[in-house]
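The basis for the numbers below is simple: all heavy atoms, side chains too, and nothing from hydrogens, waters or symmetry mates.
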Amino acid sequence: MSAHTTPSAPRSLAEALRARDDASLASLLRSRPDLITPVPTDLTQLATRAGTRASVLRALERLDRFALQTAEALAVAPDPASYGTLLGLMAGDAGEAGVAAALPRAVATLREQALVWGDDERLRLVRTARELLAPTPQHPSPTGLGPTVQEATSGMSPGRIQEIVTTAGLTTTHDSVSAVAALTALFTHRGKMAALLADAPEAALEVLSRLVWGPPYGQVTPEPAAHLRWLLDRGLLLPTAPGTVVLPREVALHLRGGHAHREPEPLPPAVEPAAVHDPQVVDATAAGQAYTALATVEELLKEWDEGGPAVLRAGGLSVRDLKRTAVALDVSEPVAAFWVELAYAAGLLASDGEADERFAATPGYDEWLERPAAERWARLAEVWLTATRTPGLVGGRDAKDRTLSALGPGLDRSAASEVRHRVLTLLAGLPHGAAPTAESVLARLRWERPLRGPRTDDDLRSRLARWTLEEAELLGVTGRGALSAHGRALLGVPPAPGTAAPVESSGPGDKLPVHHHHVPAAPEPLSGPERAAAAAAAARLLAPLLPEPLDHVLLQADLTAVAPGPLQRPLADVLGVLADVESKGGATVYRFTPASVRRALDAGRTAADVHAFLAAHSRTPVPQPLAYLVDDVARRHGHLRVGAASAYVRCDDDALLNEILADRRAAALGLRRLAPTVLATRSDPAALLEGLRAMGYAPAAESAEGDVLIARAHAHRTPPRTAPEPVPDGPPAPDATLLGAAIRAIRAGDLAATAPRKPSGSRPAGGELPRTSSAETLATMQAAVLTGESVWIGYVNAEGSASQRVIAPIRVEGGFVTAYDHTADEVRTYPLHRVTGVAELAED
């Protein structure tokens with residue numbers, strides 16, 4: 001580029017951007033993707049957008065603590081400031097070595113994100129960032145500094161300023177500007193200030209010590225005490241309003257030894273291991289919990305197989321239904337909310353959309369069940385890692401003081417996926433088997449994103465981090481608090497470096513050495529194909545650790561069956577109908593009861609089927625009490641027949657009907673005899689069946705033709721549903737293709753906007769489109785075709801959007817010009833009636 005377009009010292013952010021190479025621009029757009037939504041027309045527009053309040057605030061929120069402290073120091077430094085001045089504010093008069101070593105990285109980060117521009121002699125913080133970070137009475141700076149002497153004395157009378165100058169031991173000046181400059185020079189001179197403060201009363205020094213680190217404002221009475229009057233007379237405290245005084249910035253910096261911050265934090269706090277476990281134990285523990293996670297989700301969906309709880313009018317699950325779900329899963333309500341939300345995020349359950357809307361399993365659940373166990377877990381873990389729905393919020397209140405319910409609206413938090421990914425990445429930075437302390441993880445996150453929340457454990461990011469540690473353990477991504485091998489694969493990070501197997505530890509006593517200077521780089525978020533590949537790798541690592549499903553149970557004489565491990569799906573399904581689950585754990589205990597056996601017979605199985613099933617799947621002989629139970633229930637099953645009268649009972653044994661009529665429990669059924677073998681009632685058949693079963697009988701339902709109706713389980717499914725999409729935290733990060741295209745378009749647009757034009761009487765003002773008559777436009781185009789030169793045109797497209805372009809005309813005919821468009825980097829055809837005007841480019 002020519003010297004006049006790129007001066008040695010940029011005069012604006014646009015010029016600074018113009019001097020960057022493509023790699024530097026790509027880095028800017030990657031870190032601030034909102035700048036290319038949509039793609040700017042040129043670098044001037046890019047610089048303008050980079051200085052807007054919303055974009056600057058978003059960029060500041062993504063700075064780490066030291067980079068933010070550097071920006072805060074620049075906001076209280078002169079504008080522009082040299083690197084030496086900034087170093088003095090950050091490292092102090094003593095020049096702290098750690099701060100000095102880390103400062104170049106912080107400045108480079110601010111430059112890369114276009115928050116700072118200029119060379120090391122003239123560093124400038126973009127104006128919007130200065131407005132956001134500079135101290136004001138309404139918005140104090142985190143530095144705790146107040147206004148400068150010049151700012152604090154802006155409304156003071158010239159006579160009062162001269163009095164302060166004289167009392168401070170300076171020579172009287174002829175104007176306020178030079179007086180303020182002399183006072184500023186005094187306050188910034190370390191030796192002279194030390195001499196001035198050496199004569200200060202002890203009480204005055206105590207006042208200064210209370211204000212030095214902020215807030216810098218204090219209250220005084222109309223008749224201040226002698227020590228306060230001493231400070232006021234010398235300008236060490238300056239009045240800002242009636243009864244209010246402020247400590248000038250220059251005085252505070254002298255008292256601080258030049259530090260802008262009380263505690264500069266150049267290095268991130270280390271993630272400290274709380275305990276060290278054998279990596280194999282960690283992986284085995286995580287695998288066991290992963291299997292429990294799969295069983296819990298299956299049990300949840302089995303509970304809702306025939307239609308789950310009703311959907312609230314406002315959406316979501318009622319508090320009562322969440323409690324019932326928690327009892328059914330034998331977990332706490334917050335944990336139940338996690339499993340419900342995870343199944344929903346994975347697309348395994350949804351509302352059925354019917355008039356009486358209920359939650360139910362989706363067709364995707366049946367497809368998920370057919371996959372191997374490791375793949376099913378990988379699907380859940382991948383969804384959990386990227387989802388923005390936050391189960392931890394369930395039971396809280398929204399901005400309108402409404403209760404947030406599971407599966408309801410208002411649970412999305414765009415930062416959730418980023419925090420989960422970052423927490424697991426921090427765990428991945430530890431050796432395999434090391435479990436971190438929650439406090440060190442929270443401290444690290446607060447250092448990395450200090451503006452995302454207050455420095456407390458109650459801000460959203462801290463709560464998300466705590467929930468992540470708990471949920472990762474529930475899901476089996478971690479084991480005993482340490483990241484598992486399949487958890488590392490899920491993140492797409494390489495395996496932990498080979499180390500000697502550490503000694504098993506369950507307490508904080510055995511800790512790994514903490515390396516404060518080692519800062520593992522955060523990996524870039526994975527793309528869709530990369531996430532799928534990482535999930536597949538995690539499934540391959542997990543598969544050998546999961547228990548093999550069994551094809552047998554152990555029948556016992558007390559009418560129970562013990563499953564010593566997970567059962568194959570067909571066996572588990574049949575046994576779940578034939579018996580009731582009595583206890584869970586490492587081994588599941590099933591109990592056979594008359595009701596459970598009758599349930600199997602109602603589902604269409606015969607006594608012979610049940611006997612054959614038990615004999616085929618038991619490693620122990622079928623106990624005689626269980627065989628008697630099956631035969632006894634089968635013998636009585638269907639002896640009574642219930643049909644529609646409204647309902648009736650028929651039985652060939654009239655004595656049995658007499659027994660029913662004589663039973664006082666049958667009074668509520670309203671039975672009456674129609675014939676020796678038939679009783680009728682106004683109750684519906686279902687109520688009659690339930691009533692007779694409650695009395696201890698085993699009736700069977702029959703059709704209008706007299707055939708026995710087999711009550712098979714009906715699996716209720718929703719129509720096809722897609723899983724909820726995560727809510728993005730701002731525009732998505734652009735890929736390499738989009739970045740390349742955007743940079744080419746911006747460069748080309750900038751070429752058109754900054755291309756030198758030949759002087760012309762009709763030359764438009766800066767930023768306006770060229771204006772020429774139709775005849776002049778046509779003549780210039782035709783001349784450019786003959787000479788092969790490029791021209792500058794103004795163009796208005798069909799949507800009415802105006803732009804400037806540099807083109808090299810190739811052909812002019814039929815009211816159109818065909819040209820190579822330098823702006824778009826391709827050959828295009830333009831209607832001449834949409835060209836507002838044309839101008840020749842300068843020869844250089």
Let me have the donor-acceptor pairs involving side chains of residues 103-113, under 3.5 Å, with sequence neighbours excluded, atom names and distances please.
residue, atom, partner, partner atom, Å
Arg105, NH1, Asp64, OD2, 3.2
Thr109, OG1, Arg105, O, 3.0
Arg111, NE, Gly118, O, 3.2
Arg111, NH2, Gly118, O, 3.0
Arg111, NH2, Asp120, OD1, 2.8
Glu112, OE1, Ser27, OG, 3.0
Glu112, OE2, Ser27, OG, 3.3

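A 4.5 Å side-chain heavy-atom check between Met156 and Ser154 finds every atom pair outside the cut-off. Side chains of Thr388 and Glu725 form no contact here, defined as non-hydrogen atoms less than 4.5 Å apart. Put simply, the side chain of Thr148 does not reach to within 4.5 Å of the side chain of Thr184, judged on heavy atoms.
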One pair to check against side chain to side chain contact (heavy atoms under 4.5 Å, CB included): Leu115 and Arg32. What are the steps and the verdict?
CA-CA 11 Å; Leu115 294 171; Arg32 298 177 65 179; 4.1 Å; yes
Side chain to side chain contact (heavy atoms under 4.5 Å, CB included), that's the test. Do Leu132 and Arg53 meet it? Break it down for me.
CA-CA 9 Å; Leu132 289 168; Arg53 183 181 178 87; 3.2 Å; yes
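Partner of Arg461 under the salt bridge (Lys or Arg N to Asp or Glu O under 4.0 Å) criterion, chosen from Glu448, Glu61, Glu418: Glu418.
A donor-acceptor contact shorter than 3.5 Å is absent between the side chain of Thr244 and the backbone of Thr240. Between the Ser24 side chain and the Asp21 main chain, no donor and acceptor come within less than 3.5 Å of each other. Side chain of Thr772 to main chain of Val838: a donor-acceptor pair is present (N/O by atom type, distance under 3.5 Å, no hydrogens or angles).
For the side-chain contact (heavy atoms from CB on, under 4.5 Å) test, residues two or more places apart in sequence or in another chain that qualify with Thr37 are Pro731.
Residues Thr818 and Thr829 have side chains that bring a donor and an acceptor to within less than 3.5 angstrom of each other. Between the side chains of Arg18 and Thr44, a donor-acceptor pair is found at a separation under 3.5 Å. Of the N and O atoms on the side chains of Thr173 and Gln162, at least one donor lies less than 3.5 Å from an acceptor on the other residue.
Atom CZ of Arg49 has more than 12 neighbouring heavy atoms from other residues, nucleotides or ligands inside a 6.0 Å radius.
Screening residues 130-142 for side-chain hydrogen bond (donor to acceptor under 3.5 Å, both in side chains), with sequence neighbours left out, gives Ser141-Thr143.
Taking CG of Asp821 as the start and CZ of Arg828 as the end, the distance is 5.5 Å to the nearest 0.5 Å.
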